[in-house]
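What follows is a single structure, written as structure tokens, with notes after it.
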Amino acid sequence: MHTMSSSLAGAVDGARFWADLEAQARIGALSPRGIRRLALDDQDNRARLWLMAQGEALGCSAHYDALGNVFLRREGQDPTLAPLLIGSHLDSQPSAGAYDGTLGVVAGLAVLRTLSEQGIAHRRPVEVVSWTNEEGARFAPGASGSAWFAGRRDAETILAAQDDEGITFQAALSDCLALLEAHGARFRSAPVVPHAFLELHIEQGPVLEERGAPVCVVTGIQGVHWYEVEVDGQANHAGTTPEASRRDAFMGAHALVGALKAAVAAHDDQVRFTIGKFALSPNSVNTIPQRARFTIDLRHPDPTVLEALDAAFRQLAQREWSGCTARLEATSRVAPVAFDEALVAVLDEAVKAHWPEAPRLVSGAFHDAIHLAHLCPTAMLFTPCRAGISHHPDEHIERADAEVAVRTLMHAVETLLMTRND
């Protein structure tokens with residue numbers, strides 16, 4: 001084996017990397033384009049087995065844990081050292097693009113292949129991971145595997161989740177674990193705390209494309225609060241009830257939404273406020289609505305802003321709106337995460353070596369990295385996706401951009417493996 005030089009980024013086989021992405025895109029492929037690989041379904045499991053086969057062909061060992069997270073391990077000269085972990089996820093939304101998550105796993109595979117083909121010796125083990133159920137499209141909430149791995153969520157709650165057909169996470173997982181074992185993967189029962197975690201992902205936004213940058217470092221992930229709101233009024237006849245006598249739940253909800261938006265507008269333009277679901281009952285054309293229900297997705301990178309808006313929202317929900325009462329319930333709260341500054345600096349140096357004008361971004365979307373950041377130094381890279389479209393078959397990345405991003409990742413991995421910080 002050879003010692004590392006500064007040329008590993010240039011040694012990445014871009015053609016093989018892209019071929020691997022295309023191979024993954026055929027697993028669960030939709031017509032005319034896109035993929036469907038729901039967590040722990042047959043296609044997701046096929047994607048895992050493909051990953052294992054690629055790693056084993058490189059001389060890596062394949063491992064899995066109690067939540068079905070799959071690891072490829074390239075051993076280091078000192079196996080007792082914590083591994084450098086790279087990866088993302090292979091599951092998808094029901095009608096998805098081929099790059100969300102998959103890019104980060106295949107990029108990690110490209111790193112392993114480069115180390116292997118160049119005969120590189122490194123003291124610290126290097127592992128590539130595919131996390132279970134990041135998307136949450138089949139079993140909610142998502143990021144199950146990474147959240148459990150990082151100690152942020154208990155297995156019992158995860159395993160009890162059910163899909164739309166009543167199949168439990170535990171039942172689907174049992175089939176997956178049996179398949180992994182049958183194909184020679186080794187069960188990893190002892191917890192592993194990585195030396196660091198790196199995740200390359202498509203941006204899922206328009207900023208990089210607008211700036212013409214093929215890659216950038218991500219400094220953190222914004223927090224999110226989810227709410228369910230219910231506005232209660234009184235159903236009555238649409239034709240006979242005077243305006244002054246109405247307790248119209250829709251009008252109450254309309255007024256409340258306006259006040260919520262005004263509260264949001266009092267803060268900076270980084271606030272993301274979305275009403276994704278809205279329902280009326282009895283939902284009849286000639287009946288005044290008795291009840292309105294809607295959801296709120298609230299996001300911001302600063303926890304103090306989220307808390308200030310939380311207080312404002314709760315205060316507004318205590319008032320009457322068009323004669324109706326309101327109730328607001330927080331259904332999920334995930335705090336913002338700032339990635340490890342030293343690791344961000346390593347990635348930023350690698351980015352600047354390949355694209356000096358690249359910006360730094362905060363992720364507006366969730367990723368497995370949001371949980372790993374509580375366990376070990378963590379940071380991310382983004383590469384652009386056309387028009388910022390993701391979670392859709394039209395999701396698209398340019399090969400040239402992706403290759404720059406993978407070479408940047410390899411550059412950062414080389415720096416980390418050369419740094420003596422046992």
Inset, instruction - Take atom CD of E329 as the centre, draw a 6.0 Å sphere, and report whether it contains more than 12 heavy atoms from other residues, nucleotides or ligands. - result: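 Buried by this count: over 12 neighbours within 6.0 Å.
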Inset, instruction - Answer yes or no for R314 and Y227: cation-pi contact, defined as NZ/CZ to six-membered ring centre under 6.0 Å and angle to ring axis within 45°. - result: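 Relative to the ring axis of Y227, which defines the angle, R314 lies outside at least one limit.
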Charged N-O contact under 4.0 Å between [X] and [Y]:
X: R48; Y: D44; value: yes
X: D41; Y: R37; value: no
X: E209; Y: R386; value: no

Inset, instruction - Return yes if a side-chain donor-acceptor contact under 3.5 Å exists between H89 and D91, otherwise no. - result: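 Yes, D91 and H89 have a side-chain donor paired with an acceptor closer than 3.5 Å.
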Inset, instruction - Check whether the side chains of H237 and N286 place a donor and an acceptor atom closer than 3.5 Å, and report yes or no. - result: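 Side-chain D/A pair, H237 to N286: absent.
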Say you draw a straight line from [atom1] of [X] to [atom2] of [Y]; how long is it, rounded to the nearest 0.5 Å?
X: I202; Y: E395; atom1: CD1; atom2: CD; value: 3.5 Å
X: R138; Y: D163; atom1: CZ; atom2: CG; value: 4.5 Å
X: M410; Y: L417; atom1: CE; atom2: CG; value: 7.0 Å
X: I397; Y: E403; atom1: CD1; atom2: CD; value: 10.0 Å
X: H254; Y: L256; atom1: NE2; atom2: CG; value: 11.0 Å

Legend entry - Minimum-distance pair of heavy atoms, taken over all atoms of A150 and H371: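 Smallest heavy-atom distance, with atoms named: CB-O, 3.3 Å.
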